[in-house]
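Notes follow the structure.
Throughout, protein chains are lettered first and strands after them, A, B, ... in sequence-line order, and every chain is numbered starting at 1.
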Amino acid sequence: MTLAASLRIALAALRLNLMRSVLTMLGIIIGVGSVITMIAVGSGAEARIADQINSLGSNLIVVVSGAITSGGVRLGFGTQMTLSEEDATALQRELPEILVAAPGVRGSAQIIYGNLNWSTIVFGTTPDFLAARDWGVAQGRPFGQADIDRAAKVALLGQTVATTLFGGADPVGQTIRIKKVPFTVIGVLDRKGQSMQGQDQDDTIVMPLSTARNRVLGASEVNRHAVAAILVKMREGADMGAAEAQIHGLLRQRHHLQPAQDDDFWVRNLSEVAQAQEASSRVLTLLLAAVASVSLVVGGIGIMNIMLVSVTERTREIGLRLAVGARSRDILGQFLIEALTLSLLGGLAGIAVGAAASFTIGHWAHWQTQLRPEAVLLAVGFAAAVGVFFGFYPARKASRLQPIEALRYE
Amino acid sequence: MGDRLIEIEHLGKEYRLGDVPLLALNDVSVQVARGEFVAVMGPSGSGKSTFMNLLGCLDSPTAGRYRLDGRDVSHLDGDALAQVRGRLVGFVFQGFNLLPRTSAVENVELPLVYAGVPAAERRRRALAQLAEVGLAERALHHPSQLSGGQQQRVAIARALVNRPLLILADEPTGALDSRTSIEIMALFQTFNARGITVVLVTHEPDIAAYARRTLRFRDGRLIDDRPVAAPRVAAEVLAAWRPAEEAA
């Protein structure tokens with residue numbers, strides 16, 4: 001007997017008990033639907049974190065001044081700045097694995113344009129900073145070494161600052177006042193979006209390090225070349241752990257720290273933090289999918305239950321089929337295909353339910369969801385496996401019936 | 001192959017009910033030639049049903065030998081027996097045994113499905129066979145929409161559709177009124193005249209009278225085997241049928 005013929009028999013049998021078939025399928029529909037939805041929600045969360053990692057820039061290590069005890073990065077006025085521009089230069093020179101090392105200072109400042117004003121974060125840094133962050137310039141130009149040498153009063157605006165002060169107008173070439181000092185806007189940065197901490201990374205102004213120190217934030221009295229932090233970008237494929245240790249060792253040496261002394265700086269692998277978050281989100285996704293797949297198994301038990309009832313009800317039919325020449329494997333195939341059809345049709349309907357649920361959650365709860373083809377394949381494949389697994393016992397029971405007993409069954 | 005379709009020697013069938021052996025069929029030897037019309041008679045428990053099951057390859061004997069169409073089928077396994085049934089034997093049951101909620105033509109197609117006949121040819125042959133039993137108009141009706149006689153015609157068409165050598169009918173008229181019974185017997189006689197061997201189980205002498213040979217069973221043994229002196233011809237009986245008898 002051909003597969004097409006078996007399929008036709010199965011479909012006909014399922015149609016004869018339409019209500020029962022649909023109810024049986026419901027278990028699989030809910031199972032597949034929830035697996036797909038859970039994976040979509042989990043993948044959405046993962047994707048959001050991945051976006052944040054990308055916006056941060058990859059292979060980043062940040063070195064922060066001062067013996068910082070709390071988790072946050074304490075910058076701004078009054079912070080002890082133990083790092084210097086020379087530290088950054090030395091890092092770049094001594095460690096070939098380092099692509100760029102960008103020293104920077106940071107502080108908040110009030111900015112004014114026309115009759116509008118806004119408080120934002122000012123970064124003073126070198127052109128390497130934008131390279132380290134993979135941060136492009138959307139309009140205008142970035143500043144260069146010449147601007148640093150001259151301490152030029154030029155500024156790059158983040159998207160949020162540009163929109164807040166200029167609305168839709170082109171800010172490039174305009175003059176803004178930062179802490180009352182007039183600056184020329186030379187460019188607008190690309191949009192970065194939210195950071196992992198939920199901060200708006202576009203609410204910022206980036207300017208030459210020298211300018212920030214001399215004109216806006218003020219220089220340290222101890223060391224005119226002191227900086228608050230150094231942003232280090234490693235080469236692709238570099239061993240981040242080893243790099244961290246090397247940076248740590250080199251800076252301790254440069255700062256003449258004795259073995260007993262505490263560090264006066266802090267090295268943090270930013271990518272690692274992000275990746276840890278991504279990994280935990282992936283674990284959560286797996287967990288959700290595992291819980292959802294329990295309902296698939298329950299659906300499979302429903303299929304087995306109904307198939308057993310069906311085999312008993314159709315004992316005479318089975319006897320007749322055996323009498324007219326069906327072999328036991330034909331009967332086995334018929335009931336197996338029936339179970340498989342139930343689970344696959346349920347699986348297909350489950351895809352629709354899952355897709356609709358993911359969309360609804362994404363739309364109404366404003367969660368990012370991501371319908372992944374491999375999740376759909378996984379769920380349907382699992383549904384099919386459930387159908388075969390739970391359909392096998394009833395089908396085998398049917399195929400082992402003896403023709404005489406089956407024909408006489410009342 | 002010879003002219004003997006059925007050759008049975010010392011056939012026996014023993015069932016075990018717990019520890020007690022039950023000899024349902026005991027040392028039966030009989031031969032049936034191609035084209036015969038045989039009635040099998042006997043009270044219940046006489047072994048005639050066991051005999052029919054063995055004849056139809058629905059079961060295997062525990063003793064003796066059964067050759068069908070020249071091939072020893074005594075020791076075949078379940079799947080090989082299924083193939084013999086599918087190719088050589090057509091069954092007609094007292095209760096019709098049609099698939100419910102399935103059209104007449106699909107019921108007739110069933111043996112062809114398992115014989116691996118392509119769908120288009122299945123449909124063509126099943127419709128032709130339905131036409132032969134006079135039900136061309138009802139091909140798409142479901143069994144519940146057909147009378148008992150019509151249902152039995154569908155079952156006969158199903159038994160014949162794969163051109164078997166042997167038709168086994170188990171009380172085919174047991175659920176039918178007397179006129180319909182004779183119509184069914186007329187069908188069997190028609191196909192028998194075309195060379196198909198018919199073996200029919202019945203406990204009604206009136207029905208057995210349409211056969212040309214009678215086998216009687218009692219207590220698991222074949223006790224009587226004789227030709228019917230003057231077999232009735234169903235077509236003649238129907239032609240002479242009087243409305244009064246129909247009313248009765």
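Within the model, atoms CG of B:Asp79 and CG of A:Asp330 stand 8.0 Å from one another, a figure rounded to the nearest 0.5 Å. In this structure, B:Asn53 CG and A:Gln402 CD are separated by 11.5 Å, a value rounded to the nearest 0.5 Å. Taken to the nearest 0.5 Å, the CD1 atom of A:Ile404 stands 12.0 Å off from the CE atom of B:Met52. Annotation: the span from B:Asp77 atom CG to A:Arg327 atom CZ amounts to 11.0 Å, rounded to 0.5 Å. Summarising the geometry, atom CG belonging to A:Leu320 is positioned 8.0 Å from atom CG belonging to B:Leu98; distances are rounded to the nearest 0.5 Å. Atom CZ in A:Arg321 sits 12.0 Å away from atom CG in B:Asn97 (nearest 0.5 Å).
Considering B:Asn107, B:Leu110, B:Val89, B:Val161 as possible partners of A:Val324, the one that fulfils the side chain to side chain contact (heavy atoms under 4.5 Å, CB included) test is B:Leu110.
No more than 12 heavy atoms of other residues, nucleotides or ligands shown are found within 6.0 angstrom of CZ on A:Phe359. Atom CZ of B:Arg194 has more than 12 neighbouring heavy atoms from other residues, nucleotides or ligands inside a 6.0 Å radius. For B:Arg216, the CZ atom counts as loosely surrounded, since its 6.0 Å shell holds 12 or fewer non-hydrogen atoms of other residues, nucleotides or ligands.
The two residues B:Phe93 and A:Ala323 come nearest to each other via the heavy atoms CZ-CB, 4.3 Å. The minimum heavy-atom distance between A:Leu16 and B:Arg101, with the atom names listed, is O-NH1, 3.2 Å.
Only the backbone of B:Pro100 comes within less than 4.5 Å of a heavy atom in chain A; its side chain stays farther off. Interface remark: A:Arg400 contributes no atoms to any contact with chain B (heavy atom separation under 4.5 Å). For B:Arg87, no part lies under 4.5 angstrom from a heavy atom of chain A. Looking at A:Arg8, the atoms closer than 4.5 Å to chain B (heavy atoms on both sides) all sit in the side chain, from C-beta outward.
The candidate with the highest count of non-hydrogen atom pairs below 4.5 Å against chain B, out of A:Ala12, A:Pro403, A:Ala326, is A:Ala326.
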